[in-house]
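Note sheet for the following structure.
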Amino acid sequence: MKNTARFEPGKGIAAAIPPGRLYGVLIYAFLYLPMAVLILGSFNASKYGIGWQGFTLDWYESLANDAEILTAARNSLAVAALSASLATVVGTLGAVGLHRYRFRGRKFLMGLLFVTLMSPDIVMAVSLLVLFIGLHLELGLFTLWLAHTGFCLPFVTLTVHARLQGFDNALVEAARDLGAGEWTAIRRVVLPLALPAIAAGWLMSFTLSLDDAVVSFFVTGPDFEVLPLRIYSMVRLGVKPEVNALASLLFAVSLSFVVLAQWLLHKDRH
Amino acid sequence: MSQRPEILKTVTVGLLAGWLLSFVLAPTLLVVGLSLLSRSPAGFAGGPVTLDNYRRLADPIYLHVFAESFATAFIATLLCLLLGYPFAYGLARARPGLRPLLLTLVIVPFWTSSLVRIYAIRGLLAAKGALNNLLLAAGLIDQPVRLLYTQTAEIVGLVHVLLPFMILPLYASLEKLDPRLLEAARDLGAGPFRRFRHVVLPLTLPGVVAGCLLVFLPALGLFYVGDVLGGSRHLLVGNLLKDQFLEAQDWPFGAAASLVLIGLLLAFLALYAYAAKRIAPDDG
């Protein structure tokens with residue numbers, strides 16, 4: 001279809017923008033404006049966010065002096081790093097297994113991964129809480145680690161698996177024909193090919209874990225607080241400008257990790 | 001050099017299968033079992049096997065929570081579909097050079113904290129928030145309007161957080177749509193409405209079902225949307241679950257309520273499998 005929208009005198013500037021593009025811009029605005037306003041507010045000297053009263057870094061500074069927030073941040077980073085790493089190891093090996101071998105129950109396993117990916121956080125949170133209490137595990141770092149690894153696992157497995165599917169299996173067969181053992185072939189051929197997806201999977205898992213509030217709310221105890229839960233209780237206690245700063249920081253970390261992961265996954269296509 | 005494909009097969013597949021069985025399948029079965037017990041003063045659950053918890057779900061108090069929560073989630077899902085479909089359509093037809101950037105801009109919110117984004121929405125809707133200030137400055141209102149703690153606020157928050165979950169599966173199915181099919185339909189004399197109704201919609205139905213699943217179920221469960229935007233008067237199924245498990249400590253009843261969500265999940269997945277099989281019968 002030819003684009004016929006042109007600027008015509010008397011019809012106003014809006015007529016010059018094709019309606020489709022205008023619609024797209026509006027949707028992006030809806031997705032990004034609230035965060036943009038929040039980030040702007042985190043630099044606003046006004047304590048109650050009423051009007052612009054000048055630029056300040058005070059709220060970031062008071063974050064750095066808040067012992068509770070620093071502890072929660074340390075906890076969050078530890079859980080995210082541990083969970084992303086375990087999910088990456090189990091998920092990568094699982095993806096290699098799903099890709100290389102045919103076995104009974106393979107379809108069932110793929111189905112289970114898909115269901116896990118689609119299930120809402122709250123369902124996972126409830127079932128894991130029941131499991132952990134049933135096993136008499138103390139709620140804290142360990143249970144968070146297991147739970148977060150669980151919801152990251154399908155993302156890593158399916159991302160790495162999708163990457164492997166894009167490659168010709170003949171490469172591995174060639175390595176095997178040249179005398180490489182199965183493990184050598186996987187280590188020297190399969191894993192290097194999958195590396196961008198493995199790295200992207202780790203980054204995405206780290207972000208998922210860092211941002212999770214629903215599952216964490218159920219499976220941690222009172223002695224081990226993570227950042228989203230800290231934000232949740234700060235929000236419920238009333239407006240504090242520090243929350244804006246903390247939320248902005250969390251957003252910045254997610255943003256950079258996701259953009260990096262996307263770049264890793266798509267850089268070979270160009 | 002010894003060849004050990006069998007060991008590697010056992011390790012790679014076994015690890016993944018072991019994890020999924022222990023942390024996905026087993027806990028789900030535990031929840032099913034728990035929902036058939038009753039609350040016990042000594043521990044979390046006990047007593048003879050009973051269907052009482054399911055009967056209690058039909059109690060007017062809980063029925064009301066479910067009905068209201070379903071209505072909120074349904075409206076949010078419908079809005080996401082209506083807003084997301086034309087957007088995804090445009091995205092799938094955008095200039096190829098521009099598409100990765102446009103797509104990344106949809107993916108970024110998908111991966112960022114929904115709690116943080118809900119909090120951002122709260123800031124906009126607050127009595128002294130940006131939206132009220134804007135309306136006041138424009139002279140459209142004389143005094144701040146109550147936007148927060150309404151069902152509308154809840155729906156706006158849900159749509160804001162979940163819209164990317166609708167757009168991405170829709171985009172995936174629209175991108176695969178062969179434009180030649182549309183040309184063929186046009187050559188056969190089908191107008192735009194019939195082309196959409198008989199070609200585009202059936203072929204993208206799996207994307208529609210996947211998108212609705214990814215919006216509707218989380219919309220029922222995101223308890224902090226209820227807390228932060230809906231206030232105490234507008235609760236979601238997620239709030240009910242949170243109360244039963246973490247405050248009232250009535251685990252068997254909570255388990256029964258959570259099985260309603262699991263049942264919905266399975267129903268959606270069956271619908272998805274059906275829709276996907278209809279358009280590609282070979283690789284079901």
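Reminder, nothing fancy here: chain letters follow the sequence lines and each chain counts from 1. Just so it is clear, the structure is predicted and the values come from calculations on it, not from any experiment.
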Look at the side chain of [X] and the backbone N and O of [Y], then say whether any donor-acceptor pair between them is shorter than 3.5 Å.
{"X": "A:Asn244", "Y": "A:Leu38", "answer": "no"}
{"X": "A:Asp212", "Y": "A:Ser209", "answer": "no"}
{"X": "A:Ser216", "Y": "A:Ala213", "answer": "no"}
{"X": "B:Arg122", "Y": "B:Leu229", "answer": "no"}

field: Set of side chain to side chain donor-acceptor pair (under 3.5 Å) partners for B:Arg117, sequence neighbours left out
entry: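 Here no residue qualifies.
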Test side chain to side chain donor-acceptor pair (under 3.5 Å) applied to B:Tyr272 - qualifying residues, sequence neighbours left out: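 Expected list: none.
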Do you know which of [options] has the most heavy-atom pairs with chain B at a distance under 4.5 angstrom?
{"options": "A:Val253, A:Thr92, A:Leu146, A:Thr116", "value": "A:Leu146"}
{"options": "A:Leu128, A:Leu129, A:Asp121", "value": "A:Leu129"}
{"options": "A:Ile39, A:Leu33, A:Thr149, A:Leu210", "value": "A:Thr149"}
{"options": "A:Val89, A:Leu98, A:Thr207, A:Val90", "value": "A:Val90"}
{"options": "A:Phe108, A:Phe155, A:Phe132", "value": "A:Phe155"}
{"options": "A:Leu250, A:Leu208, A:Val96", "value": "A:Leu208"}

Side chain, backbone, both or neither of [X] within contact of chain B (heavy atoms, under 4.5 Å):
{"X": "A:Leu131", "value": "both"}
{"X": "A:Leu26", "value": "neither"}
{"X": "A:Val130", "value": "both"}
{"X": "A:Val214", "value": "both"}
{"X": "A:Met204", "value": "both"}
{"X": "A:Leu203", "value": "neither"}

Answer with side chain, backbone, both or neither: which region of [X] has an atom nearer than 4.5 Å to a non-hydrogen atom of chain A?
{"X": "B:Leu269", "value": "side chain"}
{"X": "B:Leu265", "value": "side chain"}
{"X": "B:Val108", "value": "both"}
{"X": "B:Leu246", "value": "side chain"}

- request: Quick one: list whatever passes ring-ring contact (aromatic ring centres under 6.0 Å, His included) with A:Phe217, sequence neighbours left out.
  value: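 With sequence neighbours excluded, A:Phe217 shows a ring-ring contact (aromatic ring centres under 6.0 Å, His included) to A:Tyr232, B:Phe223, given in chain and number order.
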- request: Please state whether the rings of B:Phe216 and B:Phe268 are parallel, tilted or perpendicular, taking 30° and 60° as the class boundaries.
  value: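 Ring orientation, 0 to 90° scale: tilted.
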task: Please work out whether the ring planes of B:Trp19 and B:Phe23 are parallel, tilted or perpendicular, with thresholds of 30° and 60°.
output: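 Answer is tilted, since the angle falls between 30° and 60°.
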- request: For chain A, find which of B:Leu261, B:Leu241, B:Thr104 contributes the most heavy-atom pairs closer than 4.5 angstrom.
  value: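 The residue among B:Leu261, B:Leu241, B:Thr104 with the greatest pair count is B:Leu241.
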task: Please check if atom CZ in A:Arg104 has more than 12 non-hydrogen atoms from other residues, nucleotides or ligands closer than 6.0 Å.
output: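 Counting other residues, nucleotides and ligands, CZ of A:Arg104 stays at 12 neighbours or fewer.
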- prompt: Quick one: CG on B:Leu163 to CG on B:Leu79, what's the gap to the nearest 0.5 Å?
  reply: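 If I round to the nearest 0.5 Å, the distance is 9.5 Å.
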query: How far apart are the C-alpha atoms of A:Phe30 and B:Phe87, what are their side-chain angles, what is the distance that settles it, and do they pass the ring pair (Phe, Tyr, Trp, His ring centres under 6.0 Å) test?
result: CA-CA 12 Å; A:Phe30 176 61; B:Phe87 182 84; over 10 Å; no
task: Identify the residues of residues 26-34 of chain B whose heavy atoms come closer than 4.5 Å to a heavy atom of chain A, ordered by number, or report 'none'.
output: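 Result: B:Pro27, B:Thr28, B:Leu30, B:Val31, B:Leu34.
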Side-chain donor-acceptor pair present, A:Tyr101, B:Thr12, cut-off under 3.5 Å: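 No, no side-chain donor-acceptor contact under 3.5 Å.
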